[in-house]
Visitor: 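Once you've had a glance at the structure underneath, I'll fire off some questions.
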Amino acid sequence: MKTELRFSGTGGQGVITAAIILAEAALLDKKNAVQSQAYGPEARGGSSKAECIISDDAIYFSKVTAPNVLLAMSQEAADKYSKDLKDDCIVITDKLFVTKLPDVKNKIYELDITRAAKNELGKALFSNIVALGAVVGLTKVVSEESLEKAVLNRVPKGTEEKNKKALQVGRDLVK
Amino acid sequence: MSRVLLLQGNQAVVEGAIAAGCRFFAGYPITPSTEIAEELAKQLPLVGGKFIQMEDEIASIGAVIGASLTGKKVMTATSGPGFSLKQELFGYACAAEIPLVLVNVQRGGPSTGQPTSPSQGDVMQARWGTHGDHWMIALSPSSVPECFDLTRRAYEFSERYRVPVILLMDEVVGHMREKVVLSDDYENLPQPMRKQPTCKPEDFLPYDGGEDGVPAMPPFGIGFRWHVTGLIHDETGFPNGSPEATVKAMDRMYHKLADHYDDIVRVEEFKMEGAEFAVVAFGGAARTAWDAVTMARAEGLKVGLVRPITIWPFAQKHMEKLATQVKGILVHELNCGQYVGEVERAVKGKVPVFSYGKYDNEPATPAELLAEIKKAMGGVK
């Protein structure tokens, strides 16, 4: 079983961090994971793409060729990466940024990721963790326990409770 | 005890360097190698080592040469433009036989090129970037665990043979994150050591190669005095312009590596049992090839992968043998075709050699490589 995930958005939204955390959660589940990213020379702004492949077997080619999950946190990302999707790929968009949904037959989940982060946690900063909660809630690609552990291993001290809540906010978005 | 970590290739290089006993780094950060400098800046002080961010790449390799002479295991890391700048002093390290590890996480070139994109465009520069006949070693990892292992091996070779070693990486492997299992305690790992003199300081001949052609190298400051120069020198370390001394020095430096081909030149085979056609790929490009060859086998095509881990010295004997085993060879690399020329030279026309060079900022997908394999195999029949 191999799952390919592509997280895309704007530099600074934390999509690369989200992909790293997901890959670390997969290792905690005793699976194999490979994570990679593409970005331009800019530090902020510009498009950002992070990928994660999770499998029970060895993973050779490190880039996603046919995603099972596409997370789009910007309109540009939704437009750019929704081409040539496999039929079973699910698309998750952030309602705040993606106002024009891609014209595809795939199942699209329009979620208020960034708004929920702002409203429930006070900061848009938590949107990547909210997104992870939603992705794992929908796909079960890693266990909830490993995801929470991986999040807590990565986040700054003192923000643990907020991040745990962010995961819950994400899970609630897809209930 | 061991740790299961998700690390970037660049971070695994740092772990390998620390594990091998590297205690000095001087560099000038550059994408896509920057994480190596960043992480060593954090880790070296914790193990009693020194990290210096220098004013430029030339000074960086100068500083590591100096530190190596004091007996330290040393590293510098760079990419494209920095690799060009380091070439002159790399040649000095070849001439004076100074152990060091130079990491080049390749980017697209020439010049500033494509800073954030994968490339293997420095294959020939690694070999011939510095002027004059010289001998060196370059290793190319294909996975994050191999970044750790090959960094350690780079120190083993560098110390054992008194030669600068290039870790020839690419962005695919340098920036990807993958599972790696590391020991909690590097103290238990074998540490590469330099040959030390057994004579008194006054009898010391610093460039006497002895039986294996590798001169002993005492650290500066313990009483052994010797002269270090980029001029061709004899056993005393002082310049000697005679034809005899020149040939003797050059031949010794050639033989100290060439005579240890089996130790230095490592090549891995994948699905080569009964293969009638071989793909040759290394570094990040080999990751595509592993999948493409697996797909080809699933379709019943008798294809295998030959993966040079040691890029220089060239895997001459391996490629000569390969030419007697298969009906055709496809060399896949992330450049316009560099290593393929060496393969053609070794194969000497015995079987057709095809080139699939890719230089559009993206690694080839397994499906793209599979299509090239089929096209090439069609040409063999």
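Order of the sequence lines sets the chain letters (A, B, ...), proteins ahead of strands, with each chain counted from 1. The figures here come from the full heavy-atom set of this structure, side chains too, leaving out hydrogens, waters and symmetry mates.
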Visitor: Under 3.5 Å, which donor-acceptor pairs link side chains of residues 118-134 of chain A to any protein atom two or more places apart or in another chain?
Guide:
from     : atom 1 : to       : atom 2 : distance (Å)
A:Asn119 : ND2    : A:Arg115 : O      : 3.4
A:Ser127 : OG     : A:Ala124 : O      : 2.9
A:Asn128 : ND2    : A:Gly14  : O      : 3.1

Visitor: Count the heavy atoms of every other residue, nucleotide or ligand shown that sit under 6.0 Å from CG of A:Asp84, and state whether that count exceeds 12.
Guide: no
Visitor: Is B:Asp184 atom CG crowded by more than 12 heavy atoms from other residues, nucleotides or ligands, each under 6.0 Å away?
Guide: yes
Visitor: Around atom OH of B:Tyr359, are there more than 12 heavy atoms from other residues, nucleotides or ligands closer than 6.0 Å?
Guide: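 Incorrect, the count does not exceed 12.
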Visitor: Rounded to the nearest 0.5 Å, how far apart are OG1 of B:Thr288 and CZ of A:Phe61?
Guide: 4.5 Å
Visitor: For atom NZ of A:Lys86, is the number of surrounding heavy atoms from other residues, nucleotides or ligands below 6.0 Å larger than 12?
Guide: yes
Visitor: So what's closer than 4.5 Å to chain A heavy atoms on B:Ala292: side chain, backbone, both or neither?
Guide: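 Contact with chain A is absent: no heavy atom of B:Ala292 under 4.5 Å.
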Visitor: Mind jotting down which residue pairs meet the salt bridge (Lys or Arg N to Asp or Glu O under 4.0 Å) criterion with at least one end in residues 53-75 of chain A? Sequence neighbours excluded, please.
Guide: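 Every pair satisfying salt bridge (Lys or Arg N to Asp or Glu O under 4.0 Å) with a residue in residues 53-75 of chain A: there are none.
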Visitor: Is the backbone of A:Gln35 close enough, under 3.5 Å, to the side chain of B:Arg177 for a donor and an acceptor to pair up by distance?
Guide: no
Visitor: Output the option from A:Ile20, A:Asn32, A:Leu28, A:Ile59 having the highest count of non-hydrogen pairs under 4.5 Å with chain B.
Guide: A:Ile20
Visitor: If you look at every heavy atom in B:Leu6 and A:Ala23, which pair is closest and at what distance?
Guide: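 Nearest pair, atom of B:Leu6 first, then A:Ala23: CD2-CB, 3.6 Å.
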Visitor: Determine the interplanar angle of the B:Trp290 and A:Tyr60 rings, folded into 0 to 90°, and report it as parallel if under 30°, tilted if 30 to 60°, perpendicular if over 60°.
Guide: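 Geometry flag for A:Tyr60 against B:Trp290: tilted rings.
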Visitor: Roughly how far, to the nearest 0.5 Å, is the CE atom of B:Met176 from the OG atom of A:Ser62?
Guide: 4.5 Å
Visitor: Quick one: CD on A:Gln37 to CD on B:Gln8, what's the gap to the nearest 0.5 Å?
Guide: 6.0 Å
